[in-house]
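Worksheet: the structure to be examined is printed underneath.
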Protein chains: 2
Amino acid sequence: MGRKRTKSGKIRLAEVAELAGVSPITASRFFRNPEALSVAKRTRVESAARELGYVPNLAARALASQRTEVIGVLIPSLTNNVFSDVLRGIYDASEGSRYSIQLSNTRYSILQEEKLLRLFLAQKPAGLIITGIDQTAESRAMLEAADCPIVQIMEIGPNPVDMMIGFSHYDAARAAIRHLFDQGHRRIGFVGARMDPRVQRRLDGYVAAMKDAGLFDQRLIVTTATPTSVTLGGALFADLLAREPDIDAVFCANDDLALGVLFECRRRDVAVPDQIAIVGFNDLEFMASAVPTLTSVRTNRYEMGSTAAAMLIEAIEGKRPERPVLDLGFTVIERQSSLMQRQPGGLRTAEWSPAAQNDSVTNEP
Amino acid sequence: MGRKRTKSGKIRLAEVAELAGVSPITASRFFRNPEALSVAKRTRVESAARELGYVPNLAARALASQRTEVIGVLIPSLTNNVFSDVLRGIYDASEGSRYSIQLSNTRYSILQEEKLLRLFLAQKPAGLIITGIDQTAESRAMLEAADCPIVQIMEIGPNPVDMMIGFSHYDAARAAIRHLFDQGHRRIGFVGARMDPRVQRRLDGYVAAMKDAGLFDQRLIVTTATPTSVTLGGALFADLLAREPDIDAVFCANDDLALGVLFECRRRDVAVPDQIAIVGFNDLEFMASAVPTLTSVRTNRYEMGSTAAAMLIEAIEGKRPERPVLDLGFTVIERQSSLMQRQPGGLRTAEWSPAAQNDSVTNEP
DNA sequence: AGGAACGTTGACAGCGCTACCAGCAACGAC
DNA sequence: GTCGTTGCTGGTAGCGCTGTCAACGTTCCT
């Protein structure tokens, strides 16, 4: 009776084919492209597979077809809330598809990223999602030589490797500062941590806005390479306040820092927003709940992840998007921490959509 | 000249072997068990591999060896901070090993878990990390039949499938309540969300502690199946307070809820801890930074992840741990939000270590 | 009616690696 | 000196699947 089963007792494609009364290759096609089969054989194979509880062997498939059904994802941090939202989007969008996610953590190092990229590409992934637009020259070359679709996420920039989805951190920061100007603030501090490329571009946006208004002062900027935390936000703000007691607002490069600043204000009995206005970045869930509620720049992180994965899967399957670069925009969510006169509703938003926009404050260099 | 290269231009093991002047199988052994080679051949293969930039084809390896070098990880949520810490531990511990992590999200559904488990096991993972001790009977059967090491994480219970690492949520909750008793609180509310099995066991611990003290009152408990959030913490607390205005403390099933409660207190001008004491669970970073600082039960999440992965890898390689069940314990971090008289140092801790412990409050049923 | 075009199916030959077993030299025990 | 025994190396034969191409009807066009 030949070898009916492998020693491990697993059902092979050949068994399914035999039960269905077709050749193995026909059974194989059923799983990859059912439309190519006649209805009769399709149902036969389907019921045979179900009856035997067949599960394809992905290793054999990968070896024979010279490609895997793995989407590689490179992100800089697993701890950061921002990435957990993005990841959730990626996993949600890939669920139900044939593709599985292979995740790796670059720890904010582009050298580590290069190393992981080499590893990933050697396994011929079906597609790749990478964070940001700052890769080493070597990484860039590998990406360009890769024969799979690639999506860069988190921000947009001039030279996409392939597809790109994100928003302008520079513009978002400028919009936040403009909001503070609108509320009458002039001595606006900047608090930033980690200082990865995207935080750096937020700083650039802040600097540009301040310079445009003739209000730039280097001493208003406090940054550190240390990873971000709520506690750190409080500490950096304390430093800033000690040095520049006349500041009237703080723009924080992320919401954890903003929460830390809020707590530090409370600790020092500094009134928010009357003495110090606070603006954060990302609009994490707690911002709406804090007392006072905290203004932040909402970024569409979940959508970034899910859209990136969806675009990637489409591209893998040959349907390339009409526009390879997608700007998801951002929204300044104005809340109590930065509004000088309370609004009746308590919430105003200044949305910035990338499509139809002619706004001098956010778009000028 | 035979086929020197595959069409894709990739270096194969055979090329490395040829350059090194050994047989392919010897080259293969170099990558799996270098000690089995003579020093001369070892160095020859090593330099040949380096020179050609050889990267093994994992699909072929998996197919030939009938096993993969993949560690499957099943967690219920990607959003929850708790799991991002655990995950970081897992990824850190697996880095540098030959194993790669395959992550899937059960979304707190044991049916989804069962489905994913079936998928994972079909690919013969090298090992498996699963969350919690509540699996379907079907899942349980599959796990017991699986021929790979398995670690259950996040909590400990009576019947490990294989290895287990975590702590007693029940005991941790009791320790938190005991701390509140010590501080003179009697009408202690419970605020919980999502109500997954571990939160449920925290509730059980709370109930047991309250009953033991003769202080149990069903009306002190507010729970919901809704996913947790800071905002939700405030809302649940508002409900509780409306119904039971005489409460003097709240034990929150997690720190997000606790932060929400703190904000709600601030919103209502309820003094913390003088009118209401607050205790959270997990000791996320912001708890130490809040105003007042928030008491919480510290859980060793990163260690749980890293130790689980390390144990698993050891077990995969044949070195099974002496004790398959590891209790990582917890620590009640006492901070301002629950201390009736301020301590000079501002921080006291009541550590509970699983090893040498004879504490009636935490260990009685 | 002849032929092209299409849809459907199957035979064959690997994909790149490792399990298994055999072979060979060097060594020590009797 | 013979016989294991050990350490290292290589040959053979797949692992389970799919790419390629050829072959077979069937339909449709001219």
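Here the structure is a predicted model, which is why all the values come from computation and not from measurement. Hydrogens, waters and symmetry mates are skipped; everything else that's a heavy atom, side chains included, is used. A note on names: the letters A, B, ... follow the listed sequences, proteins ahead of strands, and every chain is numbered from 1.
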May I have all residue pairs that pass ring pair (Phe, Tyr, Trp, His ring centres under 6.0 Å) and include part of residues 45-67 of chain A, sequence neighbours excluded?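 Qualifying pairs: A/Phe31-A/Tyr54.
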Distances for protein N/O vs nucleotides 7-11 of chain C N/O pairs under 3.5 angstrom?
from: C/dT9; atom 1: OP1; to: A/Ser38; atom 2: OG; distance (Å): 2.8
from: C/dT9; atom 1: OP2; to: A/Ser38; atom 2: N; distance (Å): 3.1
from: C/dG10; atom 1: OP2; to: A/Ser23; atom 2: N; distance (Å): 3.1
from: C/dG10; atom 1: OP2; to: A/Ser23; atom 2: OG; distance (Å): 3.0
from: C/dG10; atom 1: OP2; to: A/Thr26; atom 2: OG1; distance (Å): 2.5
from: C/dG10; atom 1: O5'; to: A/Ser23; atom 2: OG; distance (Å): 3.4
from: C/dG10; atom 1: N7; to: A/Arg29; atom 2: NH2; distance (Å): 2.7

Under 3.5 Å, is there a donor-acceptor pair between the side chain of A/Ser94 and the main chain of A/Tyr91?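 Yes; at least one donor-acceptor contact below 3.5 Å.
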Quick one: does A/Thr106's side chain have a donor or acceptor within less than 3.5 Å of a partner on A/Leu74's backbone?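 Not a single qualifying donor-acceptor pair exists.
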Determine: side-chain N/O of B/Gln66 to OP1/OP2 of D/dG16, distance under 4.0 Å, yes or no.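 For B/Gln66, the contact criterion (side-chain N or O under 4.0 Å from OP1 or OP2 of D/dG16) is met.
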So, does A/Arg32 get its side chain near the phosphate of D/dG19, meaning an N or O under 4.0 Å from OP1 or OP2?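 For D/dG19, OP1/OP2 do have a side-chain N/O of A/Arg32 under 4.0 Å.
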Could you tell me whether A/Arg42 contacts a base, only the sugar-phosphate backbone, or nothing, with contacts defined as non-hydrogen atoms closer than 4.0 Å?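 No contact.
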Pick base, sugar-phosphate or nothing for A/Tyr54, based on heavy-atom distances below 4.0 Å to the nucleic acid.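 Touches sugar-phosphate only.
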Could you state the atom-to-atom distance from [atom1] of [X] to [atom2] of [N] in whole Å?
X	N	atom1	atom2	answer
B/Asn33	C/dT18	CG	P	12 Å
A/Glu69	D/dT18	CD	C1'	12 Å
B/Asn57	C/dC17	CG	C1'	8 Å
B/Arg61	C/dC17	CZ	C1'	8 Å
B/Ile11	C/dC17	CD1	C1'	16 Å
B/Gln123	D/dC17	CD	C1'	12 Å
B/Arg12	C/dG16	CZ	P	5 Å
A/Phe31	D/dG16	CZ	P	15 Å

Hydrogens and angles aside, do B/Gln123 and B/Thr68 bring a side-chain donor and acceptor to less than 3.5 Å of each other?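 Checked: B/Gln123/B/Thr68 side chains show no N/O donor-acceptor pair below 3.5 Å.
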Measure the shortest side-chain to side-chain distance between B/Thr131 and B/Val73 over non-hydrogen atoms and say whether it is less than 4.5 angstrom.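 Side-chain contact under 4.5 Å: no.
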From the options C/dA19, D/dC15, D/dG16, select the nucleotide whose nearest atom is closest to the side chain of B/Ser65.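 Nearest to the side chain of B/Ser65 among the choices is C/dA19.
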NZ/A/Lys319 to CE/A/Met311 distance, rounded to the nearest 0.5 angstrom?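 Between A/Lys319 NZ and A/Met311 CE, I get 14.0 Å after rounding to 0.5 Å.
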With A/Pro56, which of A/Arg98, A/Arg61, A/Arg32 fulfils side chain to side chain contact (heavy atoms under 4.5 Å, CB included)?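 When A/Arg98, A/Arg61, A/Arg32 are each tested with A/Pro56, the side chain to side chain contact (heavy atoms under 4.5 Å, CB included) holds only for A/Arg61.
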